[in-house]
*Asks:* 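Following this message is one structure expressed as structure tokens.
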Amino acid sequence: MRRRKRRSAGLMAKFTSDGGLTLTSMMDILTTLLFFVLKSYISGAEVTTPPPGVTLPRSSVDAGMHTSVVIAIDHDAIMLGGERVATVTEAVASHELMIAPLAARLTEVRAQMDDIDRRKGKPPATTHLATIQGDAGIEFRLLQKVMYTLDRNGFPDIALAVLKKA
Amino acid sequence: MSARGRRQRKSLTVNTDLKLMPLMNIIIAIIPMLLLSAVFIEVKVIETSLPRDSDAATAAAPAPETVPLDLAVHVRADVYVVEGHGVGPLLIARKPGSAAPDSLTALELTHVLQNIVAAHPGTTDIRIVAESHTRYQEVISLMDAARAAGLLSPALEGSSPEDV
């Protein structure tokens, strides 16, 4: 009787686990996923997302973004670094090529950049880079005015942000 | 002796399983956070130049020995006009009011520009002369067509100051 009891206890021990999950394979998957996600962060030199409401045009170009001042243009407003500086209606209606509110804000930004350069002990850069994130549907006359304003306010190097064609 | 030895052996048994649950919890929290903030859209840039002031450029530049090709693609209402010194004008049909040239038109334009580049080796400059109402996507598509033909420095220009 005692022997039978002992045998059944041994069988129980053999076929029952302690209730813990086997997590090693799950951990392997999650660790791989974590490294993959982290790598996608590190591989890009400069990562940016177009602001909401801006659909960038598509292009086959392959040059990556650089750190720069970003001007976004949608159907309503012209934004500098996420801050709304002028409306599209005003900019288009004006007979001037220069967009005055944008020019004023660009002058401030350039002064700040020069100040940072001075604090770093570097001579202020003569030219600065600006990236235009324009909606694919905007008219060329608006783009031309923004480019002209950038050029005349110390940002002659202009990059047009696009989405890579698949 | 035997019963005591069994007890001792039992008490020395160590559970060597790693406690993975806390690590799992951290990773499960980190992954959605990273995925939510990840950027999967590839943003690229086209470096370009300002629509130039042709009068000022002409006045400032010394007179060249040979006449430059001055290749340009003009966007008109229903046609793209490719012209330069000793070239064209070559006309390529454009769908009026279209937001961008279709793939066939773009291919035709690239082919025309490739022929011009082949006939004038060393040419890398081209002007995209857009109308005031030309859509940005169309301008970008024309720049792509020029780049595909080996014209790596496309410049943008407005068709006339009155249009601005």
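As a basis for the values below, the full set of heavy atoms in this structure was taken, side chains included, without hydrogen atoms, waters or symmetry mates. Residue numbering restarts at 1 for every chain, and letters A, B, ... go by the order of the sequence lines.
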*Asks:* What are the two closest heavy atoms between A:Ser60 and B:Arg147, and how far apart are they?
*Replies:* OG-NH1, 4.3 Å
*Asks:* Would you mind reporting whether A:Met147 and B:Thr48 have side-chain heavy atoms less than 4.5 Å apart?
*Replies:*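 Yes, at least one pair of side-chain atoms sits under 4.5 Å.
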*Asks:* Would you say B:Ile116 and B:Leu91 are hydrophobically clustered, going by side-chain heavy atoms of ILVMFWY under 4.5 Å?
*Replies:* no
*Asks:* Check step by step if side-chain contact (heavy atoms from CB on, under 4.5 Å) holds for B:Leu156 and A:Phe140.
*Replies:* CA-CA 9 Å; B:Leu156 298 178; A:Phe140 179 72; 4.0 Å; yes
*Asks:* Just verifying a value: how many Å separate B:Met143 CE and A:Ser59 OG, rounded to the nearest 0.5 Å?
*Replies:*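 Spacing of CE (B:Met143) from OG (A:Ser59) equals 8.5 Å.
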*Asks:* How many angstroms lie between atom CG of A:Leu160 and atom CD of B:Glu47, to the nearest 0.5 angstrom?
*Replies:*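 If we round to the nearest 0.5 Å, A:Leu160:CG and B:Glu47:CD are 9.5 Å apart.
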*Asks:* If Ile, Leu, Val, Met, Phe, Trp and Tyr residues are connected whenever their side-chain heavy atoms lie under 4.5 Å apart, and connections chain through other members, are B:Leu35 and A:Met27 in the same group?
*Replies:* yes
*Asks:* Run the numbers on B:Val43 and A:Lys164 for side-chain contact (heavy atoms from CB on, under 4.5 Å), then give the verdict.
*Replies:* CA-CA 6 Å; B:Val43 177; A:Lys164 178 105 175 92; over 6 Å; no
*Asks:* How long is the gap from CG on A:Leu34 to CD1 on B:Ile28, to the nearest 0.5 Å?
*Replies:*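 It is 11.5 Å, given to the nearest 0.5 Å.
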*Asks:* Would you say B:Leu90 ends up clustered with B:Ile92 if hydrophobic residues are merged whenever their side chains have heavy atoms under 4.5 Å apart, either directly or through other cluster members?
*Replies:* yes
*Asks:* Are A:Leu129 and A:Ile116 linked, directly or through other ILVMFWY residues, by side chains that come within less than 4.5 angstrom of each other?
*Replies:*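 No, A:Leu129 and A:Ile116 fall in different hydrophobic clusters.
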*Asks:* At what distance, to the nearest 0.5 angstrom, does CD1 of B:Ile31 lie from CG of A:Leu38?
*Replies:*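 Output value for this atom pair is 9.0 Å.
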*Asks:* Could you check which of B:Val139, B:Leu23, B:Ile27 has the highest count of heavy-atom pairs closer than 4.5 Å to chain A?
*Replies:* B:Ile27
*Asks:* Over all heavy atoms of both residues, which pair between A:Val162 and B:Val45 is shortest? Give the atoms and the distance, please.
*Replies:* CG2-N, 4.4 Å
*Asks:* So how far is it from A:Leu56 CG to B:Gln137 CD, rounded to the nearest 0.5 Å?
*Replies:*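 So the CG of A:Leu56 and the CD of B:Gln137 are separated by 10.0 Å.
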*Asks:* Atom NE2 of residue position A:His75 - does it have more than 12 heavy atoms of other residues, nucleotides or ligands inside 6.0 Å?
*Replies:*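 For A:His75, atom NE2 is crowded (more than 12 foreign heavy atoms under 6.0 Å).
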*Asks:* Examine whether an atom of B:Ile46 lies under 4.5 Å from a heavy atom of chain A, and if so say whether it belongs to the side chain, the backbone or both; otherwise answer neither.
*Replies:* both
*Asks:* Side chain, backbone, both or neither: which part of A:Leu143 has an atom under 4.5 Å from a heavy atom of chain B?
*Replies:* side chain
*Asks:* Side-chain heavy atoms under 4.5 angstrom apart, residues restricted to Ile, Leu, Val, Met, Phe, Trp, Tyr: same cluster for A:Leu106 and A:Met79?
*Replies:*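 No, because A:Leu106 and A:Met79 fall into different hydrophobic clusters, even though each may have its own neighbours under 4.5 Å.
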*Asks:* Please name the pair of heavy atoms, one in A:Gly134 and one in B:Tyr136, separated by the smallest distance, quoted to 0.1 Å.
*Replies:*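 In terms of heavy atoms, the two residues are closest at O-CE2, 3.3 Å.
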*Asks:* Is it the case that more than 12 heavy atoms not belonging to A:Met98 sit under 6.0 Å from its CE atom?
*Replies:* yes
*Asks:* With a 4.5 angstrom heavy-atom cut-off, which part of A:Asp62 approaches chain B: side chain, backbone, both or neither?
*Replies:*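 For A:Asp62, backbone and side chain are both near chain B.
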*Asks:* Any idea which of A:Asp135, A:Thr131, A:Thr55 has the most non-hydrogen atom pairs under 4.5 angstrom with chain B?
*Replies:*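 Result: the option with the highest number of such pairs is A:Asp135.
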*Asks:* Just verifying a value: how many Å separate B:Ile140 CD1 and A:Leu163 CG, rounded to the nearest 0.5 Å?
*Replies:* 10.5 Å
